[in-house]
Every structure is written in C-alpha cells, then in structure tokens.
Amino acid sequence: MSDTKHQTNSFIHQIVRKDVGDRENAKSVVTRFPPEPNGYLHIGHAKSMCLNFGIAREFDGVCFLRFDDTNPCKEDEHYVASIKADVEWMGFSYGNHLTHASDYFDQLYEWAIELIKNGKAYVCSLSAEDIRASRGTLKTAGQNSPYRERAIEENMDLFERMRGGEFANGSHVLRAKIDMASPNMNLRDPTLYRIRHQNHQNTGNRWCVYPMYDFTHPLSDAIEGVTHSLCTLEFEDHRPLYDWILNNVSVPCQPQQIEFSRLSLDYTVMSKRLLTSLVENQCVAGWDDPRMPTLSGMRRRGYRPESIRTFCDRVGITKKEQKIELSALEACVREDLEQIAVRRMGVIKPLKVVIENYSADDCEELTVPNHPGNPKMGNRIINFSNEIWIDSDDFMEHPSKNFFRLSPGREVRLRYAYYITCIRAIKNDSGEITELRCRYDPESRGGGTKDNRKVRGTLHWVSAKHALSAVVRLYGPLFTTPDPIGETKGDFMKFVNADSLKTMQNAKLETSIEETIIGDAFQLERIGYFCLDSKSSSENLVLNQTVALRDSKRD
RNA sequence: UGGGGUGUAGCCAAGUGGUAAGGCACCGGAUUUUGAUUCCGGCAUUCCCAGGUUCGAAUCCUGGCACCCCAGCCA
C-alpha cells in the first residue's frame with residue numbers, strides 16, 4: 001500500500017499534521033471507520049476507509065472498525081460479516097480494534113443519567129408528531145415541550161422505567177435540553193434515547209431503549225480516544241451538537257469532528273436506500289452484481305483493491321461535492337490490470353474461418369508469451385488448425401475507409417500464427433455471412449515474413465476444434481443518464497439501463513483459460529480484461545468483463 | 001439577512017500575497033505482431049461575478065450570484 005500521494009496532502013492531513021506537530025509529546029492519532037451494519041459497503045465507503053485507515057497508518061496511529069449499531073430495527077448480523085470481509089479485502093487491518101457502539105451501551109446510559117442529574121436532559125412524553133410540530137421550521141423558532149421543566153427526580157424515575165420496559169414504543173423519549181429557538185435545527189432539544197422493544201444483533205434483549213446517533217457517536221469517539229472523527233458533509237450541522245455532548249458529559253477526551261465531501265460516480269447511485277431498491281426490484285442480480293458500485297460487486301467484476309485505492313487517492317479529499325466520471329475509475333482499473341493480467345485469446349461473437357490450403361489433418365502447437373511486455377510471466381501453448389474462430393466484428397464485406405481488418409481479398413495477421421487472405425465469404429439464404437474461406441501463407445509462421453511486408457491488421461482467433469465454449473458477460477453503465485437522481489427528481493427507476501448486461505452465450509476460448517482461478521485477472525487480447533465469475537465452473541464457464549480495453553477505432 | 005457549506009478547464013484537484021502543479025477526458029504525432037500498452041507534444045493570459053486594497057491578488061477586503069445540506073423517536 002504505497003499508492004497514497006495525493007490524499008496525503010488534503011486539508012485533513014494538514015490539520016492532523018499540525019495537531020500532531022504542535023504537541024510536545026506528540027499524541028498518537030486515532031481514527032475510526034464507523035459503518036452502520038444495514039447494507040453493503042460501496043466505493044464511497046472505500047473513500048472513507050482509505051482516509052481513516054490511511055491517516056492512522058501515516059501517523060503511526062490506529063483506526064477502529066466500529067459498527068454503528070444503534071438502530072436494531074434496521075441492522076443485521078449478516079451485514080456485519082460482509083462489511084468485515086470488504087474492509088479486509090480492501091487491505092485494511094483493524095487488528096483488535098473491532099468495536100460496536102453497542103459495546104458502550106452501559107456507559108452511554110450512565111452518561112445519559114449524568115445529563116439528567118445536571119438538568120441537561122429530560123424525558124419528553126409528547127408523541128412523535130407533536131415533537132415534530134413543536135420543533136418549528138427552518139425559519140421559525142420551535143416551542144418548548146410541556147415536559148421540558150420536569151423535576152430531575154421525575155426524569156430519573158421515568159428514564160429508569162423506560163429502560164425497565166414499562167412503556168410502549170414511542171411513548172417517551174429522552175431529550176437534551178438545549179435551545180428550541182436555535183437556528184440550527186439539531187440543537188432544538190434533540191432526542192437522545194428512544195424506546196424500541198426490539199432484539200439487537202449484538203446485545204440481544206438486554207435493552208429496550210437505544211441511544212441516537214448524535215448522542216452515541218461523540219461519546220463512542222471519546223471512549224476510544226479518537227482524535228479526529230472524520231465524517232461526511234451532511235454532518236456539518238451536527239458538529240455543534242457533537243461538541244455540546246462532549247462538553248456536557250464527563251468524557252475522558254475531546255475528539256474533533258472534521259467533515260469532507262461524499263463521493264459520487266456518474267451513471268450510478270450510491271445511497272443504500274437506492275441500491276436496496278435496485279436489488280429488490282431485481283434490476284440487478286444482488287448486492288454483488290458486477291454492475292453495482294458495491295465493493296462486493298466490484299470484486300466480482302474483477303476490480304482489485306489496488307485500483308480502488310489508487311482511485312480514492314486520485315480523487316482526493318475536499319469539501320467540494322465530487323461527481324466523478326466513470327473513465328477516471330476505469331483508468332485506474334486498466335492501469336492496474338495492464339501490469340498483472342496474463343494475456344489470452346477468446347472470441348466473443350464467433351465467425352468460422354476455414355483455411356483452405358491448411359490440411360484438415362494437421363494441427364500445430366504454438367508457444368506464445370503470457371504477457372508480451374513482461375517475459376518473466378512465461379509462456380503458454382495454443383493450438384492452430386484449419387478451422388478457426390474469429391470475432392465477426394473483425395470482418396467487413398465492404399470495408400469502410402478506416403477499417404483495416406479482414407475483408408475479401410485482404411491479408412491480415414492471426415496473432416502469433418500466420419498471415420491469412422480472405423478468398424470469399426459464404427452466406428446463408430437470408431444473406432448473413434456464415435463462414436469465411438481463406439488461404440494462409442506458410443512462410444508467415446509466428447506472424448512475420450522474411451520480406452517484411454506490411455500487414456495492417458492483427459486478429460485474435462481460437463482454433464475451432466480446440467476451443468472451450470463459454471458465456472461471457474459484458475457490462476455497461478447501470479443508468480442511461482450520468483445523474484439519475486438529479487435528472488429524474490426521484491423516479492430514478494425510469495433511467496435504469498435495460499442494456500447494462502449483455503450476455504454472449506457462445507463465446508470461444510483458448511484452452512489455457514481452464515487453468516484460470518476464479519478472481520484471477522486475464523486479458524482477452526484486443527477486447528478487455530476478464531475474470532471467471534464466482535459461479536463459473538469447468539463445465540459451465542462464465543466470464544465477467546472487468547473493463548474493456550481502450551478503443552480508438554474509427555470505423 | 002433562518003442556519004451551515006461549496007465555487008480553479010468537460011470531470012477531479014494542487015495552490016495558503018510573487019505571476020495557474022498533477023490526474024482523468026479530449027486532440028495531434030512516434031513506436032507497436034493487441035486500433036492495447038509505451039513515448040512525445042497540445043489543452044485556463046486566468047481562478048463564479050463586480051468593485052476595492054497592493055508594486056503585485058485565485059489567494060486580502062466589500063458587495064453580489066449560483067449550487068449543496070438541515071425541520072427522523074435514521075445514520
């Protein structure tokens with residue numbers, strides 16, 4: 001992990017550097033990555049992970065992985081497992097710094113009592129609707145709750161009975177006593193605890209009152225000794241409340257909250273709610289569908305954590321909203337795979353080619369490099385025979401001006417094999433080309449000739465009698481518009497791209513793909529980078545296209 | 001004049017009073033047995049706008065404008 005060179009100079013890094021440098025005995029840096037276990041992690045979370053774990057590493061501190069599990073109605077153990085797997089896959093280690101907000105429920109409860117005893121919190125018995133109605137609006141002050149001046153003893157009694165399970169959901173809440181006229185809505189006596197008769201994935205049935213995020217987060221940070229609590233911009237308005245909690249409870253230290261902007265990517269959505277609806281409406285096959293911006297989806301698609309880290313590093317950390325073009329991500333993926341992916345040949349839309357002057361009884365083995373730019377990656381053997389497949393896109397009966405692949409009368413090179421010249425195209429009754437008849441030049445074995453004559457096009461190919469059959473999945477953007485939220489004013493389903501998955505049922509691959517392990521990246525030359533799908537098997541080969549090669553063809 | 005933020009190229013982003021880094025994208029050109037890769041070159045007389053301060057302003061001041069967030073017993 002040495003690919004963080006842009007992020008290291010973000011405004012947050014500068015703050016941290018200054019804070020650490022200012023101290024005589026430089027206090028160590030502590031950060032935390034606090035996902036709520038109510039969904040899968042996506043690339044926006046990756047940005048936060050890179051920041052939090054990256055800062056900890058750079059300043060020789062620690063980063064906690066803390067599950068922010070304060071709402072048992074939405075959370076599930078199943079998500080905890082997937083989040084841990086994703087964090088580890090990204091290459092970040094939390095060691096024994098794996099915690100839950102729910103680990104601190106006892107301490108939090110005590111601190112709530114401390115607030116009550118100091119007259120800074122009260123039990124409010126208004127209904128949710130009445131609380132909303134009395135909160136005021138953005139431009140007008142709210143009204144004090146009639147329960148605001150309850151006696152401390154009464155508050156203590158009620159709160160203990162709330163915890164004891166005497167009351168129904170929604171009948172009472174604990175509120176901070178701050179200022180119902182504050183221009184900051186978060187300070188208008190925010191709710192601290194609510195009653196939820198609900199089993200919790202971590203604490204079981206021990207509790208029926210659960211603390212709110214605004215109460216839990218600063219205190220969990222303080223308990224863990226977090227020095228820099230890094231969160232996204234929408235929490236900026238919460239910072240005064242974050243600080244109020246820390247200033248009014250006897251905490252061991254004073255963490256500092258700093259906000260940065262969320263990441264968004266063109267042609268996709270990043271909110272858990274919208275991703276969930278894509279899954280539920282079966283627009284995709286699941287959270288790990290390779291079209292999803294989730295880490296599990298990207299992993300299944302063949303992205304490696306290296307590229308995601310490079311990407312996060314390149315976009316940087318700022319307070320300006322990021323709307324990143326897909327090409328920026330894809331460039332990172334290609335850059336990574338270009339180095340490490342072995343080369344193979346495969347044909348996605350097969351067109352039969354019969355080489356008339358090559359004996360049908362003959363067959364030869366050609367030794368070819370796994371990576372033409374890196375001899376250390378070794379060689380493999382491919383088979384050549386008189387019948388081969390080429391991609392139908394590589395033939396044009398009436399070539400356009402810039403087309404320099406195969407067409408009648410033209411000579412091209414079969415990569416690593418021979419030069420062939422097309423004699424004629426055979427068509428079926430409906431006029432579709434079904435087969436090409438060609439002749440090869442025996443002098444061109446390996447793909448070159450002594451006379452050094454120029455051959456403009458080089459084609460990938462697969463020997464028909466040796467080919468493996470496979471299903472190849474090609475992926476396009478999930479949406480037809482770069483900004484499905486902004487553009488559609490809510491009805492983003494209308495812009496789901498019906499063509500985002502193209503399944504090529506009859507692909508032909510060279511046999512060495514059989515040795516490929518699921519998850520291993522390879523390049524199908526002239527097409528793109530691929531990997532075997534997690535559900536692929538040797539009887540039923542399924543390839544996922546990770547990303548296409550750049551293509552500057554101008555036909 | 002509710003409050004809180006943000007404006008540097010098509011998309012990101014450095015820049016912190018001394019004369020606009022870098023990446024992606026795009027456009028040229030070289031090399032190439034992948035129309036890939038690689039390599040070279042081009043791409044903001046100007047930083048949301050208008051005034052002001054200064055020898056000098058993207059950076060400081062004043063006044064505008066645009067966009068984002070906030071009225072969960074969600075996080």
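Chain identifiers are assigned alphabetically (A, B, ...) following the order of the sequence lines, protein sequences preceding nucleic acid strands; residue numbering begins at 1 within each chain.
At the heavy-atom level, Thr318(A) lies under 4.0 Å from the strands shown only through sugar-phosphate atoms. Using a 4.0 Å heavy-atom distance criterion, His238(A) is classed as a base contact. Counting non-hydrogen atoms under 4.0 angstrom, Ala331(A) reaches the backbone sugars and phosphates but no base. Within 4.0 Å of Ser327(A), counting heavy atoms only, lie sugar-phosphate atoms of the nucleic acid but no base atom. As judged by a 4.0 angstrom heavy-atom cut-off over every strand, Ile131(A) is placed among the base-contacting residues. Here Ser127(A) lies in heavy-atom contact (under 4.0 Å) with a base.
As rounded to the nearest Å, rC48(B) and rA14(B) have P atoms that lie 14 Å from one another. The gap from the C1' atom of rG23(B) to that of rU8(B) amounts to 15 Å, rounded to the nearest Å. Using P as the reference atom, rC43(B) and rG22(B) are 11 Å apart when rounded to the nearest Å. Taking atom P in both rG10(B) and rU46(B), one finds a spacing of 14 Å when rounded to whole Å. Remark: the separation of the C1' atoms in rG18(B) and rU62(B) is 24 Å, to the nearest Å. When the C1' atom is used for both rA30(B) and rG5(B), the distance is 48 Å, rounded to whole Å. rC73(B) and rG64(B) have their P atoms separated by 35 Å, given to the nearest Å. To the nearest whole angstrom, the two P atoms, one in rG51(B) and one in rC12(B), are 28 Å apart.
Taking side-chain N and O atoms only, Asn186(A) has no distance below 4.0 Å to OP1 or OP2 of rG72(B). An OP1 or OP2 oxygen of rG72(B) is reached within less than 4.0 angstrom by no side-chain nitrogen or oxygen of Arg175(A). Arg194(A) has a side-chain polar atom (N or O) that falls below the 4.0 Å cut-off from OP1 or OP2 of rC74(B). Contact check, Arg135(A) against rG72(B): a side-chain N or O comes under 4.0 Å of OP1 or OP2.
A cation-pi arrangement is absent between Arg150(A) and Tyr122(A), since the terminal nitrogen or guanidinium carbon is not both under 6.0 Å from the aromatic centre and inside a 45° cone about the axis. Note that Arg163(A) lies in the cation-pi zone of Tyr109(A), set by a 6.0 Å cut-off to the ring centre and a 45° limit from the axis.
Side-chain contact between Leu115(A) and Leu192(A): present, with at least one pair of heavy atoms (C-beta onward) separated by less than 4.5 Å.
Partners of Ser82(A) by side-chain contact (heavy atoms from CB on, under 4.5 Å), not counting sequence neighbours, listed by chain and number: Tyr40(A). In this structure Glu338(A) satisfies the side-chain hydrogen bond (donor to acceptor under 3.5 Å, both in side chains) test together with Tyr529(A), sequence neighbours excluded. Not counting sequence neighbours, the partners of His172(A) by the side-chain hydrogen bond (donor to acceptor under 3.5 Å, both in side chains) test are Ser125(A).
In terms of heavy-atom proximity, Leu241(A) sits nearest to Asn186(A) at CD2-O, 3.6 Å.
The distance from atom CG of Leu126(A) to atom C1' of rG72(B) is 15 Å, rounded to the nearest whole Å. A straight line from CZ of Arg273(A) to P of rA75(B) spans 17 Å, rounded to a whole angstrom. At whole-Å resolution of the value, CZ in Phe260(A) and C1' in rC68(B) are 16 Å apart. Put simply, CG on Asp214(A) is 13 Å from P on rC70(B), counting in whole angstrom units. One atom, OH of Tyr193(A), and another, C1' of rC74(B), lie 17 Å apart when rounded to the nearest Å. Regarding Ile324(A), its CD1 atom lies at a distance of 13 Å from the P atom of rA9(B), rounded to whole Å. What separates CD of Gln14(A) from P of rA13(B) is a distance of 14 Å, to the nearest Å. Summarising the geometry, the separation between CD on Glu36(A) and C1' on rC74(B) is reported as 7 Å, rounded to the nearest angstrom.
rC67(B) is paired with rG5(B) under the criterion used here, namely a Watson-Crick or G-U wobble arrangement in which both key atom distances are under 3.5 Å. Nucleotide rU38(B) is matched to rA30(B) when pairs are restricted to Watson-Crick or G-U wobble geometry with both distances under 3.5 angstrom. Both distances falling under 3.5 Å, in either a Watson-Crick or a G-U wobble arrangement, occur for no nucleotide opposite rU46(B).
Side chain of Ser264(A) to main chain of Gln322(A): a donor-acceptor pair is present (N/O by atom type, distance under 3.5 Å, no hydrogens or angles). With hydrogens and angles disregarded, a donor-acceptor distance shorter than 3.5 Å links the side chain of Arg380(A) to the backbone of Pro369(A). At distances below 3.5 Å, not a single donor-acceptor pair connects side-chain atoms of Arg410(A) with backbone N or O atoms of Thr421(A).
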## Note on the structure
B/S/- along nucleotides 2-7 of chain B (protein heavy atoms under 4.0 Å) is BBSSS-
#### Entry: Base-contact (B) and sugar-phosphate-only (S) positions in nucleotides 34-39 of chain B, heavy-atom cut-off under 4.0 Å, - elsewhere
BBSS--
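Anti is the classification of rG41(B), since its glycosidic angle lies more than 90° from 0.
Checking Gly136(A) against His217(A), the closest nucleotide of RNA chain B that is more toward the 5' end is the one next to Gly136(A).
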Just distance, no hydrogens or angles: give the donor-acceptor pairs under 3.5 Å from side chains in residues 141-148 of chain A, sequence neighbours left out.
{"unit_1": "Ser145(A)", "atom_1": "OG", "unit_2": "Tyr147(A)", "atom_2": "N", "d": "3.0"}
{"unit_1": "Arg148(A)", "atom_1": "NE", "unit_2": "Asp189(A)", "atom_2": "OD2", "d": "2.7"}
{"unit_1": "Arg148(A)", "atom_1": "NH2", "unit_2": "Ile178(A)", "atom_2": "O", "d": "3.4"}
{"unit_1": "Arg148(A)", "atom_1": "NH2", "unit_2": "Asp189(A)", "atom_2": "OD1", "d": "3.1"}
{"unit_1": "Arg148(A)", "atom_1": "NH2", "unit_2": "Asp189(A)", "atom_2": "OD2", "d": "3.4"}

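Below 30°, between 30° and 60°, or above 60°: for His45(A) and His42(A) the angle between ring planes is between 30° and 60°, a tilted geometry.
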